[in-house]
Amino acid sequence: MESGVLSVEGSTFTISRVNRLHMGAYLCIASNGVPPTVSKRIMLIIHFPPMIWVQNQLVGALEGQKITLECQSEAYPKSINYWTREKGEIVPQ
């Protein structure tokens, strides 16, 4: 095993509980000692709901000061992010 690359022998590879960390490219390689070795690339895409994390949940500012509120999200397909106020009205860009 080199640089974190995992190899599994056999014609099938089963992931019993797939999650977003499994997303990526996989190679199926066939070799019998007679050149050339052949391979096919399979791209695994995992659909998962948005996850959000906020570094600072309490932000203070002086009146008239410019501030930036930051909210990080991860999702596939990519999420549409927007801001609302407490009563639900969408904050304009």
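Owing to the predicted nature of the structure, the values given are computational and were not obtained by experimental measurement.
- With a 6.0 Å radius and a threshold of 12 heavy atoms from other residues, nucleotides or ligands, Q65 has its CD atom above the threshold.
- V54 and M51 are not part of a single hydrophobic cluster, where members link through side-chain heavy atoms under 4.5 Å apart.
- In this structure, C28 SG and R41 CZ are separated by 14.0 Å, a value rounded to the nearest 0.5 Å.
- Side chains of V38 and I29 form no contact here, defined as non-hydrogen atoms less than 4.5 Å apart.
- F13 is connected to I46 through a chain of hydrophobic side-chain contacts under 4.5 Å among Ile, Leu, Val, Met, Phe, Trp and Tyr, so both are in one cluster.
- To the nearest 0.5 Å, atoms OH (Y82) and SG (C71) are separated by 12.0 Å.
- What you find for A75 and P50 is that their closest heavy atoms are CB-CA, 3.6 Å.
- Interatomic distance, K40 NZ to I42 CD1, rounded to the nearest 0.5 Å: 10.0 Å.
- Counted within 6.0 Å of CG on L27, heavy atoms from surrounding residues, nucleotides or ligands total more than 12; the atom is thus considered enclosed.
- Applying the side chain to side chain contact (heavy atoms under 4.5 Å, CB included) rule to R85 yields the partners E89, V91; only residues at least two apart in sequence or on another chain are considered.
- By the rule that hydrophobic residues join a cluster once side-chain heavy atoms approach within less than 4.5 Å of another member, I52 and W83 end up as members of separate clusters.
- A distance of 5.5 Å separates CG in L44 from CD1 in I15, rounded to the nearest 0.5 Å.
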Under the side chain to side chain donor-acceptor pair (under 3.5 Å) criterion, do Q72 and E70 qualify, and how do the steps go?
-> CA-CA 7 Å; Q72 302 290 326; E70 194 170 6; 2.7 Å; yes
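- Between H47 and Y76, the two ring planes are perpendicular [angle over 60°; tilted spans 30° to 60°].
- For the pair N56 (side chain) and L58 (backbone), a donor-acceptor distance under 3.5 Å is absent.
- If you take CE on M43 and CD1 on I45, they are separated by 6.0 Å, rounding to the nearest 0.5 Å.
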